Amino acid sequence: MKRIFSGVQPTGNLHLGNYLGAIRNFVRLQDDYDCIFCVVDMHAITVWQDPVELQRNTREVTAAYLAAGIDPKRNIVFNQSQAPQHAELAWIFNCVARLGWLNRMTQFKEKAGKHRENASVGLYVYPNLMAADILAYRATHVPVGEDQKQHLELTRDIAQKFNHDFGVDYFPIVEPLIQGEATRIMSLRDGSKKMSKSDPSDMSRITMSDDAEAVAQKIRRAKTDPDALPGPEVLDDRGRVAAAAEAARPEAFNLLRIYAALADKSLAETLTEFEGSQFSHFKTVLTDLAVATLGPVGAEMKRLMADPGQVDAVLAEGAARARAIAEPILAEVQDIVGFLRPKP
Ligand code: AQP
């Protein structure tokens, strides 16, 4: 069976973008793939994390996975730091990846910003650890949002270079799985910025644990424009919003895409449904749908957060299963590289 690896960072404020762009897709993949879903706490510490918050956020992402419908018996659910093979393989990949490759990573540039010299070395080599996460299990497919495509490309480059340098055909060349309408949900306050956990404004995102009142308030205050909603004529032959139309009304199209994703409809269907409507009407319908979809997930997350023992047990069991897969793979890699190790 094809194997999937994917992860979410436990950096707090899990939001609708994480849900629609990642977690909900994970749930759908569990029927067709052998899935490993990780809470990537080692990635999280590439920027400062309060240790108490990190533990809480690790449980929160796990709770979100479970509440959204990921079955920890059928799939592996664990936190990255409990499988040391990730770090060990990442070191080998640090020696395979080239500086020039990492220098091209746009996410590092965005996250390090103007204070590049002050960024952690971990933030810089983050894509090598991501490659190790995936390849420690020889995963073949990775569900990712648009924003992770460049990092996945680097994973492919690392696998190819490793195979070439050592004259082996060991690591698979992973394929991205990008699904649905909601690959990039934008901020509710600024349609040119992606919805993100680290945005200082809480009004920019709907979080997975927002109650109905908070969801309603955030959608009501979401930035829009004075015009009525457009119809399907804004789509080009490939079903994409024409660039000029998108640039003129980014917030409107963002809300329409959120609706389409929540309702599991295409953007074309959504545009047809709301053509000519005022935002006041559309926002009411969108709020009802968001509350109906996220409400039960948020409630189950709360229940699980009140029972940390249950969450920790899922992580411990998942980590044991993850290590059982990664250990022999790492041993083979060590043999390929030429590291001496005691043979069983
Ligand atoms: N706005 C988004 N729209 C669609 N998908 C998104 N993802 C994140 N933001 C959006 C997807 O969620 C998964 C987990 O992301 P992550 O937590 O590992 O890292 P991230 O992409 O850095 O998430 P954030 O929320 O944007 O955090 P900050 O603010 O720290 O940068 C990934 O699959 C991602 O594509």
Side-chain angles (χ1 to χ4, degrees), residues 6 8 12-31 35 37 57 60-72 75 77 143-146 177-189 191 194-197 199 202-224 229 251-274 277 279-306:
S6 199
V8 172
N13 293 331
L14 267 186
H15 53 73
L16 189 65
N18 300 133
Y19 179 67
L20 293 175
I23 297 171
R24 190 181 67 167
N25 295 334
F26 297 175
V27 178
R28 295 174 175 183
L29 292 167
Q30 60 187 340
D31 294 329
C35 296
F37 297 123
N57 293 334
E60 190 189 40
V61 174
T62 313
Y65 282 171
L66 303 180
I70 290 175
D71 177 354
N75 309 282
V77 174
V144 284
E146 281 287 329
L177 288 174
I178 295 182
Q179 306 164 303
E181 298 278 356
T183 50
R184 197 168 160 85
I185 301 288
M186 310 308 278
S187 157
L188 299 181
R189 307 300 302 163
K194 82 165 188 165
M195 186 176 285
S196 131
K197 301 185 193 117
D199 193 313
D202 194 44
M203 295 305 284
S204 69
R205 63 185 157 254
I206 293 172
T207 72
M208 287 184 68
S209 43
D210 276 342
D211 59 21
E213 204 179 314
V215 171
Q217 191 193 36
K218 287 175 182 183
I219 293 178
R220 211 169 34 243
R221 294 223 204 137
K223 190 174 166 198
T224 47
L229 287 168
E251 287 83 15
F253 287 109
N254 185 39
L255 292 181
L256 284 160
R257 285 197 185 93
I258 291 174
Y259 179 89
L262 285 169
D264 249 332
K265 290 182 177 167
S266 68
L267 184 59
E269 285 173 294
T270 305
L271 285 163
T272 306
E273 191 176 339
F274 292 102
S277 290
F279 274 106
S280 52
H281 165 68
F282 173 66
K283 282 181 165 184
T284 310
V285 183
L286 177 60
T287 300
D288 290 346
L289 181 61
V291 168
T293 312
L294 288 180
V297 180
E300 178 62 2
M301 278 174 71
K302 271 199 194 99
R303 190 193 68 74
L304 287 163
M305 289 299 282

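This is a predicted model, so every value here is computed, not measured.
- Side-chain atoms of Tyr65 come within 3.5 Å of backbone N or O of Val8 as a donor-acceptor pair.
- Between Thr270 and Ala260 the shortest heavy-atom distance is OG1-CB, 3.4 Å.
- The OG1 atom of Thr224 lies 11.0 Å from the CG atom of Leu188; values are rounded to the nearest 0.5 Å.
- By the 30° and 60° cut-offs, the orientation of the rings of Tyr259 relative to Phe282 is tilted.
- Scanning both residues, Gly69 and Val27, for their nearest heavy atoms gives O-CG1, 3.9 Å.
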Problem - Derivation and outcome, side-chain contact (heavy atoms from CB on, under 4.5 Å), residues Ser6 and Phe26 - result: CA-CA 8 Å; Ser6 199; Phe26 297 175; 3.2 Å; yes

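- Of all the heavy atoms in Met305 and Ala63, the pair that sits closest is SD-CB, 4.1 Å.
- Taking both residues in full, the closest heavy atoms of Ala292 and Pro296 are given as O-CD, 3.2 Å, listed atom of the first, atom of the second, then distance.
- A donor-acceptor pair under 3.5 Å is formed between the side chain of Arg24 and the backbone N or O of Ala261.
- With sequence neighbours left out, the ring pair (Phe, Tyr, Trp, His ring centres under 6.0 Å) criterion links Tyr19 to no other residue.
- Looking at Glu269 and Thr272, their side chains never bring a donor and an acceptor atom within 3.5 Å of each other.
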Problem - Test log, rule side-chain contact (heavy atoms from CB on, under 4.5 Å), inputs Met186 and Met195 - result: CA-CA 5 Å; Met186 310 308 278; Met195 186 176 285; 5.9 Å; no

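- Under a 3.5 Å cut-off, the side chain of Gln30 and the backbone N or O of Asp71 do form a donor-acceptor pair.
- Between atom CG of residue Leu16 and atom CG of residue Leu262 there is a gap of 5.5 Å, rounded to the nearest 0.5 Å.
- Partner Val291 forms a side-chain contact (heavy atoms from CB on, under 4.5 Å) with one of Leu289, Thr293, Asp288, Thr287 and no other, that one being Thr287.
- Looking at Asn18, its side chain does come within 3.5 Å of a backbone N or O of His15 through a donor-acceptor pair.
- Rounded to the nearest 0.5 Å, atoms CG (Leu255) and NZ (Lys223) are 11.5 Å apart.
- Side-chain atoms of Asp211 come within 3.5 Å of backbone atoms of Ala214 as a donor-acceptor pair (strictly under, hydrogens ignored).
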Handout entry: Trace of the salt bridge (charged side-chain N to carboxylate O under 4.0 Å, His left out) decision for Glu273 with Lys265
Key = CA-CA 10 Å; Glu273 191 176 339; Lys265 290 182 177 167; 2.9 Å; yes

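- Listed by chain and residue number, Arg28 satisfy the salt bridge (charged side-chain N to carboxylate O under 4.0 Å, His left out) test with Asp264 (two or more places apart in sequence, or in another chain).
- In this structure, Asn254 and Ser187 approach most closely via the heavy-atom pair ND2-O, 3.7 Å.
- Lys197 meets the salt bridge (charged side-chain N to carboxylate O under 4.0 Å, His left out) test with no other residue; sequence neighbours excluded.
- Salt-bridge formation is detected for the pair Asp202/Lys218: a Lys NZ or Arg NE/NH1/NH2 atom is positioned less than 4.0 Å from an Asp or Glu carboxylate oxygen.
- Under 3.5 Å, the side chains of Thr207 and Asp210 contain a donor-acceptor pair of N or O atoms.
- Rounding to the nearest 0.5 Å places CZ of Phe253 at 6.5 Å from CG of Leu271.
- The OG atom of Ser209 sits 10.0 Å away from atom CG of Leu294, with the distance rounded to the nearest 0.5 Å.
- For the atom pair Met208 CE and Glu300 CD, the distance stands at 11.0 Å (nearest 0.5 Å).
- Contact record, Ile219 with Ala290: CD1-CB, 4.1 Å, taken as the closest heavy-atom pair.
- Using modelled atom types, no side-chain atom of Arg189 and backbone atom of Ser204 make a donor-acceptor pair closer than 3.5 Å.
- Under a 3.5 Å cut-off, the side chain of Arg257 and the backbone N or O of Ile185 do not form any donor-acceptor pair.
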